[in-house]
Structures are given as C-alpha cells and as structure tokens.
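Working notes, beginning with the structure itself.
Labels below follow one simple rule: chain letters A, B, ... track the order of the sequence lines, proteins then strands, and each chain is numbered from 1.
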Number of protein chains: 2
Amino acid sequence: MPSRKASAPVTTANRGPTAKATIRDVAALAGVSLMTVSRAMKQPQQLAPETLARVRAAMDQVGYVPNMAAVSLRLSQTRLVAAIVPTLATHVFDTMLAALTAALAKEGYEVLIGQTQYQPGREVDLVRTTLGRRPDGILVTGSVQDKTVRNLLAASGIPVIEAGDLVRNHVDMAVGMSNEKLGAAVCSHLAGLGHQRLAIFSGDDDRAQRRNKAFAREAARLGLPPVHVVLVPPPTSHPVGRKLMADLLDHGPRVDAIYCGSDMTAAGVLSECRERGIAVPGEIAVIGTGDTDFAQALYPPLTSVRVDGARIGECAAAMFLERFAGKPQEQKSVDVGFTIVERESTRMESSARQRESSRA
Amino acid sequence: MPSRKASAPVTTANRGPTAKATIRDVAALAGVSLMTVSRAMKQPQQLAPETLARVRAAMDQVGYVPNMAAVSLRLSQTRLVAAIVPTLATHVFDTMLAALTAALAKEGYEVLIGQTQYQPGREVDLVRTTLGRRPDGILVTGSVQDKTVRNLLAASGIPVIEAGDLVRNHVDMAVGMSNEKLGAAVCSHLAGLGHQRLAIFSGDDDRAQRRNKAFAREAARLGLPPVHVVLVPPPTSHPVGRKLMADLLDHGPRVDAIYCGSDMTAAGVLSECRERGIAVPGEIAVIGTGDTDFAQALYPPLTSVRVDGARIGECAAAMFLERFAGKPQEQKSVDVGFTIVERESTRMESSARQRESSRA
DNA sequence: TTGTATGCGTTATCAC
DNA sequence: GTGATAACGCATACAA
C-alpha cells in the first residue's frame with residue numbers, strides 16, 4: 001500500500017527549485033496539519049493566534065500560492081469566465097473586456113480571453129478548448145449561429161452571454177443592441193439631414209450584414225434610391241477606406257453620404273476626400289461606427305455610432321454574478337442601445353448640435 | 001471503505017443536467033475502462049479500431065470535453081500562459097497579445113490576460129492570483145520594479161518574460177526595445193530637423209520617465225535649451241492632449257517641437273493647433289508614440305515612433321515555446337528596436353521622406 | 001482548537 | 001489491446 005504517508009513525503013526540497021510550494025510544504029514547515037493551513041486562509045479566526053502566525057510565516061517563507069487547478073477540481077468551480085471575441089484590436093471589444101474584467105475581478109473572478117481572428121472555423125475549436133477550462137460562465141461576441149457551437153454552449157450547463165448583438169433566439173442570455181435598429185436609425189438620420197443617394201462601406205460579417213439590410217430597407221421605406229453597398233472582409237483599415245472611396249469616386253455612382261461599418265474605414269474615406277479636395281460634409285457626409293477614441297481627433301471630426309462597450313461589459317458581469325449567486329435570472333436580454341454622436345463630418349450648416357439615441 | 005466503485009456510480013444522469021460529462025460517463029457508455037477512453041484521445045493507434053469507434057461515438061453522444069483542471073493537476077502543466085498588461089485599450093498591447101495568442105494557440109497554449117489598469121498596487125495581487133492558475137509561463141509588460149512581484153515571479157519557477165521594455169536587470173527573459181535609446185533618438189531626430197526648443201507631453205509611468213530622461217540628456221548633449229516636460233497620469237486621451245497644448249500656448253514657454261508619449265495625446269495637440277490656426281509642422285512639429293493605426297488618418301498625418309507589438313508577441317511566444325520544449329535558452333534578451341515613421345506632422349518643406357530605425 | 005480520511009477528473013505505471 | 005490503481009493539491013465532513 002504505497003501511500004503518500006508511507007513513503008518519503010515529497011516536498012519542495014526534493015522536487016527541485018522549479019516546483020511550487022504546496023499546502024503540504026507549508027504544513028510541514030509550520031509543524032501543523034494540512035487542515036490548519038487551509039483554515040489559515042479561509043477561517044483564520046478559528047485558529048489559535050500563535051498557530052496562525054506560525055502558518056502565515058511559513059506561507060510567506062515558501063511563497064505559497066494556492067493551486068487553483070486543485071481548488072477548481074475540488075469545488076467544481078473555477079472562478080474563471082471565458083470571453084470569446086473576434087479580435088482584441090477593436091475598440092468596442094477592448095472596452096467591453098476591460099469593464100467585464102474589472103467588474104468580475106472585484107468578486108474574485110478572472111477572465112480568459114479567446115480570439116477567433118474572424119476565422120469562422122476557429123470558433124468551434126476555440127469554444128471547445130475554452131470549455132475544457134470549465135469556466136463558470138462564457139461570453140461570446142455577437143450571436144452564435146453555428147449549430148455545433150450552439151450545442152456545445154447549451155450542453156456546457158454554464159451561463160452563456162451573447163454580447164453586442166441582440167437577437168431573438170439567444171442561447172441563454174444576451175446583452176447589446178439591435179443591429180437592425182442601428183442600421184435603420186443611421187439611414188433615417190442621414191435622410192433627415194437631406195441626403196438622398198446613400199452608400200455603405202462595411203465588413204462582410206454577419207452583424208454588419210444585418211445592419212446593412214436594415215439600412216437598405218429603411219431607405220426603401222423612405223423612398224430613397226437603392227443604397228450602394230460595398231463589402232470587404234475584416235479587419236478594416238485606413239488604406240482600405242481610402243481605396244474604397246477612391247474606387248467609388250472613380251467608378252461608382254454619385255453619392256451624398258456614406259455610412260462606414262468602422263471608424264477606421266471612415267477615416268480612410270475622410271483622407272481620400274481631403275486629398276481630392278472634396279468637401280466633407282459639404283459634398284459628401286461621412287458617418288462611422290464605434291465612436292472610437294480617435295473619431296473626435298479626425299479632420300473633420302467624425303460623426304459615429306456609439307455603442308457603449310463598457311456598459312455591455314458591466315451588464316454582462318452583473319448578469320454573470322447574479323447567476324453565480326444562484327439568484328433568479330432577472331432579465332435574459334438587455335438592450336444597451338446606441339447613440340449617434342454627431343460631429344462635423346455630417347453636420348449641415350444650419351443643423352444644430354444633435355444627438356439621437358435608441359433604447360429598447 | 002466507501003469507494004466510488006462500491007457505492008452507486010455517479011454519472012451525468014444523476015448529477016443533474018448542468019454537470020459536464022466526465023471520462024467516466026464516456027467509459028460507462030462505451031463499456032470500457034477509463035484508461036481506454038484516455039487512450040482514445042492520446043494514443044488512438046494503441047486501440048482496436050472497433051473499440052476506438054465505440055469510444056468516439058460515446059464521446060460525441062455525451063459531448064465530452066476533457067476537464068483541464070484535472071489534467072493540469074495530474075500533469076503539473078496547464079498549457080496556459082499568463083500576460084499582465086496595464087490595459088487592453090492600447091494598440092501596442094493589443095497587437096502584442098494578438099500575436100502572442102495566435103502563436104501559442106498553434107501549440108495548444110491559451111493566454112490568460114490580466115489588466116493592472118495602471119494601478120501599481122493591483123500588480124501584486126494580480127500576479128499572485130495569476131500564479132495561482134499555475135501558468136506554464138508568464139509575461140509582464142514593462143520591467144518589474146516592485147520587489148514583492150520580482151520575488152513572486154522568481155519563486156514561481158516558470159519562464160518569465162518582461163515585454164516591451166529592455167532593461168539590464170530582467171528577472172528571467174526580456175523582449176522589447178530600449179526606452180532610453182528611443183528617447184534619445186527622438187530628440188536627435190527633432191534636433192536634426194532644426195528644432196531647438198523642445199517639449200514633452202507624457203504619462204508619468206516609469207517607462208515614459210526613462211524615455212524623457214534620455215531625451216533631456218540628449219538635448220543637453222546637443223547644446224539645446226532645457227526641455228519643457230509636462231507629465232500627466234495615464235491613460236491619455238484626446239481632450240488631455242488638447243488641454244496640455246492649450247496650457248502650453250497660454251502659459252508655457254515657446255517651443256518648436258513637441259514629443260508626445262502617446263498618439264492620442266499628439267492627436268489632441270494637433271486638434272488644438274488646428275483650432276488656433278497654428279501651422280503644423282510649420283510653427284510647431286509634433287511627434288507621437290506607438291504609431292497607432294489612426295496616426296496616418298490624422299490631419300496632418302502624424303509622425304510617430306513605431307514599436308512592433310506583433311514582433312514582440314511573436315518573439316515572446318517563441319521564447320516561451322523553446323523553454324517549454326526544454327531547449328537551452330538561446331537568448332535571454334531580444335531587442336526588437338523601434339522606427340521613427342515620419343509623416344507630415346514633422347516634415348520640413350525640403351526634407352525628403354525619411355525613416356530612422358534602431359536595433360541593438 | 002486541531003487532525004484524518006476521502007474524492008474532485010485525469011493520466012502514468014504496472015499488470016494481465 | 002485493455003484494465004486496475006495511485007496520485008496530482010486542495011477542501012469538506014467528521015473525529016478527537
């Protein structure tokens with residue numbers, strides 16, 4: 001019966017310098033049992049003051065940090081929340097993750113981030129790997145369409161939040177705004193400013209497409225001419241925006257206003273217009289998406305559709321924490337809305353400063 | 001002796017719908033032992049084809065995903081790399097993390113990200129918590145100065161990379177560039193363009209300070225007047241940049257050129273100058289740091305010091321993987337250098353397009 | 001106030 | 001080719 005106790009105890013000493021100290025090392029050093037060390041962390045008041053001091057000294061001496069893998073296994077709880085985003089290189093996601101991380105950290109949860117890099121195939125693998133870490137909750141960006149992923153998430157038995165995109169058939173919970181409403185609002189906003197011939201430059205991902213569709217539908221409803229839509233694969237960039245604008249000016253139809261799926265694309269459009277001496281908003285109005293921090297720094301300052309990433313992150317954190325606490329889920333779906341932040345790039349001479357916002 | 005086998009076996013069925021399937025559930029369903037299931041994943045060729053098929057069918061049926069907490073505990077290896085950054089909302093860090101994540105993912109490693117939000121006190125807690133996850137390696141941004149953190153990292157026994165800031169006394173490994181060289185290079189670059197009265201707008205963090213000091217030293221060496229340094233707490237923003245510029249113009253000394261510790265600050269400076277009708281670079285030249293994606297979108301396009309975050313991330317990943325493979329560590333320190341990307345904001349009428357770069 | 005025994009889910013080792 | 005067993009580090013129930 002070669003049990004741990006029967007054979008020579010394994011300690012930091014004979015495991016080499018690379019091994020981390022365990023609760024056993026601390027116990028041995030302090031001359032107490034494992035339980036006493038465990039209690040020194042969880043219920044210190046239950047211990048005799050001198051025992052506690054001895055244990056704490058031992059913990060410091062060996063640099064003891066509890067092994068969360070063991071804790072997780074024992075408690076079936078990892079205090080880990082996973083977040084799957086397309087990329088970290090987009091402002092909205094950063095903001096969301098920062099808020100999510102901060103809010104969860106207060107309750108002792110950490111956030112494990114996964115990036116799909118906009119590769120659809122990678123999402124399945126990523127979700128599977130991630131679920132292997134047994135997070136206590138998982139947040140995915142956008143709505144989950146892939147059947148395999150949906151099943152994986154549903155079968156995981158943990159709270160799932162689809163963030164940033166409000167759809168009806170969410171797996172579990174959702175927080176974000178309606179891309180349909182957004183597309184329609186932008187269209188009617190531009191129409192309200194007197195623009196007739198509208199164009200869209202956007203990524204070809206699912207969310208953008210639904211925005212575009214709603215935009216086009218609204219244009220039709222308002223009796224405007226067909227919208228000129230140009231799609232490009234993400235990620236967007238300044239050169240891409242310039243190129244799209246150059247192509248439009250050279251070969252495309254004449255337009256009064258352009259809605260860009262990202263502020264970076266819009267920035268490229270502004271640059272190309274400046275280069276060619278085209279007045280913005282005089283000849284062409286431009287509006288972006290995301291209200292990135294640099295939108296106000298562009299020339300002219302860029303009108304943009306602001307989605308409050310921080311609020312999404314905070315809401316998501318709150319929803320997770322409620323579920324972790326076993327509370328009845330109040331809301332399965334939260335609409336944080338969006339705001340059209342108007343700056344010079346769409347401002348008509350006579351139009352006063354204006355804000356338009358949507359909330360469900 | 002109430003062992004698992006003696007009592008009723010616990011399976012997914014009687015643990016409720018929320019519990020994830022374990023290797024035991026799969027084994028029971030396939031009518032094989034635990035080891036056979038384990039082997040079906042690790043050494044499938046060792047199994048009889050029909051057995052393998054049966055096990056795989058069972059795995060699919062219950063949606064089995066191995067519990068990494070258990071694997072980690074068993075193997076003393078988490079396939080997790082931790083990265084501590086000040087914030088996700090800075091382009092260089094995003095780029096670095098994206099590259100790091102992508103490179104490590106190929107080898108089956110995931111990246112656990114922690115944000116200090118520039119709060120010095122939070123770093124200790126964060127590192128401690130993070131080490132509790134027993135990552136196989138840890139990357140920290142900037143050089144580690146805090147004694148406690150240094151000890152914690154050194155005692156962890158895992159590969160440690162200090163990224164983005166090359167210092168002599170790194171804990172283990174380092175990849176990045178020298179902030180001293182950077183500061184000096186920017187100063188001499190501006191001096192080379194004929195500027196005499198120089199100013200710096202920067203964050204008050206350690207790295208920025210060392211840049212500034214080197215900048216000032218270089219100015220002195222070149223016989224220029226004292227540098228006007230203005231420090232602000234991070235994070236930087238467009239309004240902050242504007243405010244700093246407004247204050248300088250209203251109350252500060254006259255300057256020919258301003259070096260900004262971030263592109264966002266520089267963008268604010270450009271906006272304020274435009275507002276006041278001050279010619280850039282005619283009256284004042286402006287240079288930023290980071291070569292953010294929007295630098296080229298500003299007006300005038302912003303000269304900026306580019307640090308290749310992606311390269312830092314890739315280098316770090318390669319260094320980690322080498323150590324994980326047990327290979328002798330080739331280099332403990334890698335200098336990825338930096339590049340001054342010159343655009344309109346510093347370009348003198350007669351000066352041709354120019355690039356300046358440093359590599360150790 | 002402190003200690004002992006057991007199992008969380010997995011894999012290495014040995015046995016058949 | 002397959003199975004039984006112990007152990008990874010920790011926390012809970014139960015004893016003392």
Whichever of A:Y64 and B:G31 has its nearest DNA chain D nucleotide further upstream toward 5':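 Per heavy-atom nearest nucleotide, the more 5' residue is B:G31.
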Value in whole Å for how far the P atom of D:dG3 lies from CZ of B:R24: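 For the pair B:R24 CZ and D:dG3 P, the rounded distance is 14 Å.
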Just how far, in rounded Å, is P of D:dA13 from CG of A:L34?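 Result: 17 Å.
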Counterpart residues, side chain to side chain contact (heavy atoms under 4.5 Å, CB included), relative to [X] (two or more places apart):
{"X": "B:A103", "result": "B:A317"}
{"X": "B:Q45", "result": "B:Q43"}
{"X": "B:S33", "result": "B:M35, B:T36"}

Using a 3.5 Å distance criterion without hydrogens, assess whether the side chain of B:S72 forms a donor-acceptor pair with backbone atoms of B:M68.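 Present.
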Only pairs at least two apart or in different chains count here, so list each salt bridge (Lys or Arg N to Asp or Glu O under 4.0 Å) that has a residue in residues 48-73 of chain A.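 As it turns out, there is no salt bridge (Lys or Arg N to Asp or Glu O under 4.0 Å) pair with a partner in residues 48-73 of chain A once direct neighbours are skipped.
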Pair listing, salt bridge (Lys or Arg N to Asp or Glu O under 4.0 Å) test, anchored in residues 94-116 of chain A, at least two apart: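 Residue pairs passing salt bridge (Lys or Arg N to Asp or Glu O under 4.0 Å), neighbours aside: A:E110-B:R133.
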Which pairs of donor and acceptor atoms, one on a side chain in residues 137-153 of chain B, lie under 3.5 Å apart (sequence neighbours left out)?
unit_1 : atom_1 : unit_2 : atom_2 : d
B:T141 : OG1    : B:I84  : O      : 2.7
B:S143 : OG     : B:Q145 : NE2    : 2.7
B:S143 : OG     : B:D165 : OD2    : 3.4
B:D146 : OD1    : B:T148 : N      : 2.8
B:D146 : OD1    : B:T148 : OG1    : 3.4
B:D146 : OD1    : B:V149 : N      : 2.9
B:R150 : NH1    : B:V144 : O      : 2.9
B:R150 : NH1    : B:N169 : O      : 3.3
B:R150 : NH2    : B:N169 : O      : 2.7

So which of residues 35-50 of chain A are in contact with DNA chain D, with a heavy-atom cut-off of under 4.0 Å?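 Close to the strand are A:M35, A:S38, A:K42.
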For DNA chain D, the residues among residues 66-78 of chain B that have a non-hydrogen atom under 4.0 Å from it: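 When residues 66-78 of chain B is checked for heavy atoms under 4.0 Å from DNA chain D, the hits, listed by number, are B:L73, B:R74.
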Does D:dG1 have its OP1 or OP2 closer than 4.0 Å to a side-chain nitrogen or oxygen of B:T51?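 So the side chain of B:T51 is outside the cut-off, no N or O lying under 4.0 Å from OP1 or OP2 of D:dG1.
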According to a strict under-4.0 Å criterion, is A:T22 in side-chain N/O contact with OP1 or OP2 of D:dG9?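 No, A:T22 has no side-chain N/O under 4.0 Å of OP1/OP2 on D:dG9.
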My understanding is that only residues two or more places apart in sequence, or in another chain, count here; which of them pass salt bridge (Lys or Arg N to Asp or Glu O under 4.0 Å) with A:D206?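 A:D206 satisfies salt bridge (Lys or Arg N to Asp or Glu O under 4.0 Å) with A:R210 only.
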